[in-house]
Amino acid sequence: MNHSETARGIALSVTASTLFALLSAYTSRLAPLDGLDIFAWRVLWTLPAVAVLIVWRQHGRQLRDAVLALLRSPWQALLFAAMTAMLGVQLWLFLWAPLNGRALDVSLGYFLLPLAMVLIGRFYYGERLDAWQRIAVVCAVVGVLHELWMTRAFSWPTIVVAAGYPPYFVMRRRLKLDSLVTFTMEMLLLTPVAIFTLYGSVTLPSVWQRPDIYLMLLPGLGILSTVAMDCFLRASRLLPMGLFGILGYVEPMLLVFVALILLDESLTSAQLWTYIPIWLSVGFTAIHSVRLMQRR
């Protein structure tokens, strides 16, 4: 993998992390919708946005070929359905958490996720870590161990994020499809679920009474989600799994700031001993990323 691809992957990963953090705060403006409603609207408004990207990048033929390939292979189709279900759970949880005071729990899951990705990159894909990456991992482990010692357990949103995403990315790489094409197919598969959810939603009449929601906020949700996910998935294909995992610390760090500043959640002094080592890990990751771009 050349340095140009690595630098591009780093830029895409940081952009995605910033947009996802903004998306977490964005949900607070969509009251009275709950997390499940927002998930359903996100899927429906993401679909036209990804369709525009498919046409713009001239990926229509790739999309058709990928769908036909899945239809010809029941095993691949089953794998894709499982992968889409995993993504659907993560999309719902990410939107549900800020509305239910669990944004910090989800952010901790995203802190654990890069560590899991690094371990998969090292032991499953055989990737090697350089000195800065090893220091970053050690700092992250210190923070994780402190959280485990302090709470004696992780909350279920934390576990769902940390344990749910790694198999999803491994499956994605096995399918060897273009990231945007795969994401479009996932949204198509989730669309019936979204329609069924909204059909029985009690908030649907409230949406039609709010032009600002259905004319601006919901389309904005789809656009923001599409751009963020596109950047994220492209980065996952361009970067080694280990580096991609460590860069994942940028997003939860931003999510913590969003939870504290915009969502009025609180961080105790004891929790700082969890987050400070992880923030140091982000700093060492930044040094590693700058060194890679300098080599370019």
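Computation of the quantities below employed the complete heavy-atom set of this structure, encompassing side-chain atoms and omitting hydrogens, waters and symmetry-equivalent molecules.
Contacts of Trp92 classified as ring pair (Phe, Tyr, Trp, His ring centres under 6.0 Å), with partners at least two apart in sequence or in another chain: Trp96. Under the side chain to side chain contact (heavy atoms under 4.5 Å, CB included) criterion, Leu70 pairs with Gln76, Phe80, Met185, not counting sequence neighbours. When the side chain to side chain contact (heavy atoms under 4.5 Å, CB included) test is applied to Val141, the partners found at least two apart in sequence or on another chain are Leu115, Val137, Leu145. Partners of Ala49 according to the side chain to side chain contact (heavy atoms under 4.5 Å, CB included) rule, which considers only residues two or more places apart in sequence or in another chain, are Thr226. Residues passing the salt bridge (Lys or Arg N to Asp or Glu O under 4.0 Å) test with Arg57 are Asp230, sequence neighbours excluded. Judged as a salt bridge (Lys or Arg N to Asp or Glu O under 4.0 Å), and not counting sequence neighbours, the contacts of Arg210 are Asp212.
No donor-acceptor pair closer than 3.5 Å links the side chain of Ser201 to the backbone N or O of Thr197. With hydrogens and angles disregarded, a donor-acceptor distance shorter than 3.5 Å links the side chain of Ser17 to the backbone of Ser13. Side-chain atoms of Tyr26 come within 3.5 Å of backbone atoms of Leu217 as a donor-acceptor pair (strictly under, hydrogens ignored). The backbone N or O of Val160 sits less than 3.5 Å from a side-chain atom of Gln90, completing a donor-acceptor pair.
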Could you go through Leu23 and Phe94, starting from their C-alpha distance and side-chain angles, then the distance that decides it, and tell me whether this counts as side-chain contact (heavy atoms from CB on, under 4.5 Å)?
CA-CA 9 Å; Leu23 187 62; Phe94 187 84; 4.1 Å; yes
Between Arg72 and Val67, does the side-chain contact (heavy atoms from CB on, under 4.5 Å) criterion hold? Intermediate values first, please.
CA-CA 9 Å; Arg72 288 192 296 264; Val67 171; over 6 Å; no
The test is side-chain contact (heavy atoms from CB on, under 4.5 Å); show your working for Met229 and Leu180 and say whether it passes.
CA-CA 9 Å; Met229 187 61 76; Leu180 180 60; over 6 Å; no
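Hydrophobic clustering places Ile54 together with Phe183 (ILVMFWY residues linked when any side-chain heavy atoms are closer than 4.5 Å, directly or through intermediates). Leu53 and Val55 sit in two unconnected hydrophobic clusters of ILVMFWY residues. Membership requires side-chain heavy atoms under 4.5 Å apart, directly or through other members. Hydrophobic clustering (ILVMFWY, side-chain heavy atoms < 4.5 Å, transitive): Leu63 and Leu71 are in one cluster. A chain of hydrophobic side-chain contacts below 4.5 Å, direct or via other Ile, Leu, Val, Met, Phe, Trp or Tyr residues, connects Trp156 to Leu36. Hydrophobic clustering, with ILVMFWY side chains joined whenever heavy atoms are under 4.5 angstrom apart, groups Ile195 together with Leu95.
Thr84 OG1 to Leu79 CG: the interatomic distance, rounded to the nearest 0.5 Å, is 9.5 Å. Annotation: the span from Ile38 atom CD1 to Ser225 atom OG amounts to 10.5 Å, rounded to 0.5 Å. The structure places SG of Cys231 at 10.5 Å from CZ of Arg8, a figure rounded to the nearest 0.5 Å. Here the straight-line distance linking atom CG of Leu238 with atom CD1 of Ile10 works out to 10.5 Å at 0.5 Å rounding. For the atom pair CZ of Arg102 and CG of Leu93, the computed distance is 9.0 Å after rounding to the nearest 0.5 Å. Once rounded to the nearest 0.5 Å, the distance linking CG of Asp105 with CD1 of Ile159 reads 10.5 Å.
Other residues sharing a hydrophobic cluster with Trp75 under the 4.5 Å side-chain heavy-atom criterion for ILVMFWY residues are Leu78. Here Val138 is tied to no hydrophobic group at all, with no ILVMFWY side chain closer than 4.5 Å.
Heavy atoms only, all atoms of each residue included: Ala235 and Gly9 are closest at CB-O, 3.5 Å. For the residue pair Met86 and Gly164, the shortest heavy atom distance occurs at SD-O, 4.2 Å. Leu33 and Leu218 get closest at one heavy-atom pair: CD2-CD2, 4.3 Å. Annotation for Pro166 and Ile120: closest pair CB-CD1, 3.2 Å, computed over non-hydrogen atoms. Across all non-hydrogen atoms, the minimal contact from Gly35 to Leu99 is N-CD1, 3.7 Å.
Checking each of Thr46, Leu44, Leu30 against Leu221 for a side-chain contact (heavy atoms from CB on, under 4.5 Å) leaves exactly one that passes, namely Leu30.
For the ring-ring contact (aromatic ring centres under 6.0 Å, His included) condition, the pairs that include at least one residue of residues 215-239, sequence neighbours left out, are Phe20-Phe232, Phe169-Phe232, Phe232-Phe244. Within the structure, no pair that satisfies the ring-ring contact (aromatic ring centres under 6.0 Å, His included) test touches residues 48-74, not counting sequence neighbours. Under the salt bridge (charged side-chain N to carboxylate O under 4.0 Å, His left out) criterion, no residue pair touches residues 20-44, with sequence neighbours excluded. Pairs of residues two or more places apart, or lying in two chains, that qualify as salt bridge (charged side-chain N to carboxylate O under 4.0 Å, His left out) and include a residue from residues 181-194 are Arg172-Glu186.
Looking only at side-chain heavy atoms (C-beta outward), Trp41 and Val207 come within less than 4.5 Å of each other. Within the 4.5 Å cutoff, the side chain of Met187 has no heavy atoms near those of the Thr182 side chain.
Of the N and O atoms on the side chains of Thr18 and Thr15, not one donor lies less than 3.5 Å from an acceptor on the other residue.
When the shell of 6.0 Å around OH of Tyr214 is examined, it contains more than 12 heavy atoms from other residues, nucleotides or ligands.
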